[in-house]
Amino acid sequence: MTTAIIGMGNIGSRLAANLASGGEPLLLASREAADARQVADRVGGGARAVSVDEAVEAADVIVLAVWFDVIKELLTQWDGRLAGKIVVDPSNPIAIDDQGTVTKTLPEDQSSGAVIAPLVPEGARLVKAFGTLTANTLAEAAHATPRAVEFYAADDKEAGDTVARLIRTGGFEPVFIGGIDQSVRIEVFGDLHESNLQTTLTADQAQTRL
């Protein structure tokens, strides 16, 4: 199983570091090739910088660590190239103004997962994961004892199980919340997102909130 992370921003680079520290071989890609090379050099292990096209072709699991609107563009652009692959969406539908105020760009009851799901090409499987914790928490809480939870949502069990393994490899405890229609709970302003909880949860604590 080959995993690619596309996008080397705060989430993508922290995720790369966590997975590399857990021994996961990774393909790292970005629109700016130098960004992927820099992250690959920093995290070491089995991380290797490649072009975006190479990542799409070679990976079995593709984590799209880019903005919500960019994911929509990429899925349209890559239609026909994603059959048989697992697409992981960590996005949050937000905008940040000059004062740092975060607002949701979708209606309150709508999730980016629900918007993206119909855009995923036939034959590919979508998992919502890696967007529930802030970048700082991804860096600071990885491999803690007891492990902090990362929630995920999936309609396909096998795809969900694959991503759950990646969550464990990255130093967190995976907790399944249901299908993609439950994504709103683990996105910004959702009841299971760190921005709402103001803390991380252990597996036992998480179960009381499901």
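Only heavy atoms go into these numbers, but all of them, side chains included; no hydrogens, no water, no symmetry mates.
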Pairs meeting criterion salt bridge (charged side-chain N to carboxylate O under 4.0 Å, His left out) with involvement of residues 35-49, two or more places apart: none
Checking the side chain of [X] only, and the main-chain atoms of [Y] only, is there a donor and an acceptor separated by less than 3.5 Å?
X	Y	result
T169	G22	no
D79	P121	no
N92	G131	yes
K72	V115	no
D60	T2	yes

Spacing of [atom1] belonging to [X] relative to [atom2] belonging to [Y], to within rounding of 0.5 Å:
X	Y	atom1	atom2	answer
S51	L27	OG	CG	9.5 Å
R147	L201	CZ	CG	16.0 Å
T134	H193	OG1	NE2	8.0 Å
D156	I180	CG	CD1	10.0 Å

In this structure, would [X] and [Y] fall into the same cluster of hydrophobic residues linked by side-chain contacts under 4.5 Å?
X	Y	value
V102	V184	no
L133	I177	no
I71	V120	yes
V56	L119	yes
I86	V52	no

Do [X] and [Y] have side-chain heavy atoms sitting under 4.5 Å apart?
X	Y	answer
I94	W67	yes
Y152	V88	no
E150	T137	no
V163	F130	yes
W78	L64	yes
I116	L75	yes
L26	V43	no
I167	V149	no

Work out which heavy atom in [X] is nearest to a heavy atom in [Y]; give both atom names and the distance.
X	Y	result
P93	F68	CB-CD2, 4.0 Å
T162	M1	CG2-CE, 4.2 Å
A124	V87	CB-CG2, 4.4 Å
L106	S112	CD1-N, 3.7 Å
A135	N10	CB-CB, 3.6 Å
I62	K85	CD1-CD, 3.8 Å

Matching residue for R165 among E24, E158, E173 - test: salt bridge (charged side-chain N to carboxylate O under 4.0 Å, His left out): E24
Whether over 12 other heavy atoms sit under 6.0 Å from Q77 CD: yes
Residues, nucleotides or ligands: over 12 heavy atoms within 6.0 Å of R81 CZ: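 Buried by this count: over 12 neighbours within 6.0 Å.
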Steps toward side-chain contact (heavy atoms from CB on, under 4.5 Å) verdict (Q205, T199): CA-CA 11 Å; Q205 291 169 335; T199 186; over 6 Å; no
Polar side chain donor-acceptor pair, S91 to D89, under 3.5 angstrom: yes
Side chain to side chain contact (heavy atoms under 4.5 Å, CB included) partner of V63, the single match among I11, V127, L15, L19: L15
SB check K128 E187 (cutoff 4.0 Å): yes
